[in-house]
Amino acid sequence: MLPGKLLLIDDDGNLLKIITMRLESMGYDVTAVRDGEEAKGALSAGRFDLAVIDLQLGEENGISLMEELRPLQPGMPVIILTAYGSIESAVDAIKRGAYTYLTKPFDPRELSLHIERALETGRLTTEIERLKGLLVERNDFGEIVARSERMRRVLEVVSRISGNDSTICIQGESGTGKEVIARAIHMASARRDRPFVAINCAAIPEGLLESELFGHERGAFTGAIKNSKGLFAEAHEGTMLLDEMGDMPLAIQSKFLRVIQERKFYPLGSTRPVAVDLRVIVATNRNLEELVKSGGFREDLYYRVNVIPVTLPPLRERLEDIPLLAEIFLRKFSCRMKKEIKGFTPGALQHLMLHDWPGNVRELENAVEYAVAMTSSNFITEELILPEKKRFPFSFEPMKPLKEAREKFERDYLSRLLEQTGGNVSNAAGIAGKYRSDFYLLLKKHGMNPADFKKPPAMN
Ligand SMILES: Nc1ncnc2c1ncn2[C@@H]1O[C@H](COP(=O)(O)OP(=O)(O)OP(=O)(O)O)[C@@H](O)[C@H]1O
Ligand SMILES: [Mg+2]
């Protein structure tokens, strides 16, 4: 028997004492009160698994009281005690939502039997409510949490586009769930039984990326000792996710463009084209439009992949998702680490809501994993949430990829230089140690115009 928390309401002090003692001896946690006011007080102060209410409470009626108490704790089962065996009242009680009734005098064992059954029902109801809640949260996309308006809109778009084969471009900061969304699109499409192949363009050295994607014939290059199919061919009839698309080298971009346009490609060292049927999804945490401007990304490819843009908002812009995500991660890790953790303390939740999560959902997941691993109690307390933040009380700008950081530096450098020289290219190029023509190319790459830096003639 799981212990239950019972609220007993009877105006007869003696009976109240006797029943309380009996129920306590059976292991229940009993709160005994004498009227409706006290009952409401008790219910407002804490949760109960069950209430036992006497039908005749002096001036009050037990059934009406039951109805008054319901909003305070919806779903709590109620047993009505009828003193006079009045069958009408008993039937009335059931009709108005009591779990059952008992006629006084009753056998304590009978009471305990009814209580046990009612508690069991209550537990089931709670469990069902919990599961229903999960179903509502779950939506069509399995495990994706989308409580916030912005994420709901994302899922709406995603559900509309899953069915066709258009190329999708998912943009979002690192850890916002780009891969999760890409998989969801695949699973919601007719291609779901075919492969989903993902490749991270930033993680593979340029020399290898090409043969990874397109495959090669034996002898195509040193070390190519046998034919390799390549990932595009492996994803045939399925979905191909090109993650960190912004890092795809220019030389490979043009070959990839052909895959998108013609649905065929040549493996390295081969003159026979391979035809593929693919749904292409690209993901990037860099702004492709800016990359196009700076010459790091082909413009024609950009228009080809950016058919349907999906932008994932950073976690700090969808705070409503944090509690549920944290809860899901908590369950996942406490199950994995075999710990019985009931939840977060309010202070811990507040910490979670206040942090700005530069690493987004992934950072949140890691923070919860850390807290679950470190806790020695049933709750996650605030000290366990991002304790390293206390050691570094300032927040860092998230690190950029080297290429991006270099670009930014170059842009800032050029604009300071032009400001200093008042837009005089010869002087600026001289300071930078560049030929004028090279310097012009640099400016063009960043879309800068020296005329913008010319100082207006002095007015007097
Ligand atoms: N809406 C969500 N609901 C549940 N889990 C999520 C959600 N978004 C992200 N996650 C989880 O967060 C982690 C990071 O997600 P994912 O790898 O898809 O991010 P990403 O945007 O591809 O990151 P990166 O830019 O670093 O590649 C994963 O463990 C994923 O399961
Ligand atoms: Mg990713």
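Note that the numbering runs from 1 along the sequence shown for the chain. In listed order, ligands and their atoms are each counted from 1. What's counted below: heavy atoms across the whole structure, side chains too, no hydrogens, waters or symmetry copies.
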Trainee: For atom 20 (P) of ligand 1, find the nearest protein heavy atom and state the residue, atom name and distance (0.1 Å precision).
Mentor: K178 N, 3.4 Å
Trainee: Could you measure the distance from the CD1 atom of I181 to the CD1 atom of I168? Nearest 0.5 Å is fine.
Mentor: 10.0 Å
Trainee: Can you tell me which residue and heavy atom of the protein come closest to atom 2 (C) of ligand 1, and the distance to 0.1 Å?
Mentor: V145 N, 3.6 Å
Trainee: Please determine, by modelled atom types, if R436 and S426 share a side-chain donor-acceptor pair under 3.5 angstrom.
Mentor: yes
Trainee: At less than 4.0 angstrom from any non-hydrogen atom of I144, what atoms of ligand 1 do you find?
Mentor: 1 (N), 3 (N)
Trainee: Show which atoms of ligand 1 fall inside a sub-4.0 Å distance from at least one heavy-atom site of E179.
Mentor: 18 (O), 22 (O)
Trainee: With no hydrogens and no angle check, do the side chains of S174 and N285 hold a donor and an acceptor under 3.5 Å apart?
Mentor: no
Trainee: Can you pull out the closest protein heavy atom to atom 14 (C) of ligand 1? Residue, atom name and distance to 0.1 Å, please.
Mentor: R362 NH2, 3.7 Å
Trainee: Starting from the Mg ion (ligand 2), look over the N/O/S atoms of D243 and name the nearest one.
Mentor: OD2
Trainee: Report yes if the distance between the aromatic ring centroids of F379 and F344 is under 6.0 Å, otherwise no.
Mentor: no
Trainee: Taking the six-membered ring of Y28 (Phe, Tyr or Trp), confirm whether the NZ or CZ of K5 is under 6.0 Å from its centre and within 45° of its axis.
Mentor: no
Trainee: What protein heavy atom lies closest to atom 16 (P) of ligand 1? Include the residue and the distance to one decimal.
Mentor: G177 CA, 3.6 Å
Trainee: What residue and atom, counting heavy atoms only, is the protein's closest point to atom 30 (C) of ligand 1, and at what distance?
Mentor: V180 CG2, 3.4 Å
Trainee: Do me a favour and list the nearest non-hydrogen protein atom to atom 23 (O) of ligand 1 with residue, atom name and distance?
Mentor: G175 N, 2.9 Å
Trainee: Mind telling me whether F196 and H186 have parallel, tilted or perpendicular rings, with 30° and 60° as the class edges?
Mentor: tilted
Trainee: Give the numbers and elements of all ligand 1 atoms closer than 4.0 Å to a heavy atom of E365.
Mentor: 11 (C), 12 (O), 13 (C), 28 (C), 29 (O)
Trainee: Do the rings of Y302 and F297 sit parallel, tilted or perpendicular, given the 30° and 60° boundaries?
Mentor: perpendicular
Trainee: Which ligand 1 atoms, with their elements, are less than 4.0 angstrom from a heavy-atom of E244?
Mentor: 25 (O), 27 (O)
Trainee: Between the Mg ion (ligand 2) and E244, is there an N, O or S atom separated by less than 2.8 Å?
Mentor: no
Trainee: Within the 3.5 Å criterion, strictly below it, is a donor on E173 or N360 matched to an acceptor on the partner's side chain?
Mentor: yes
Trainee: Around atom 6 (C) of ligand 1, find the nearest protein heavy atom and jot down its residue, atom name and distance.
Mentor: V361 CG1, 3.7 Å
Trainee: In terms of the angle between their ring planes, are H355 and W357 parallel, tilted or perpendicular, with boundaries placed at 30° and 60°?
Mentor: perpendicular
Trainee: Check ligand 1 against L325 and write out every atom of the ligand that is under 4.0 Å from a heavy-atom position of the residue.
Mentor: 2 (C), 3 (N), 4 (C), 5 (N)
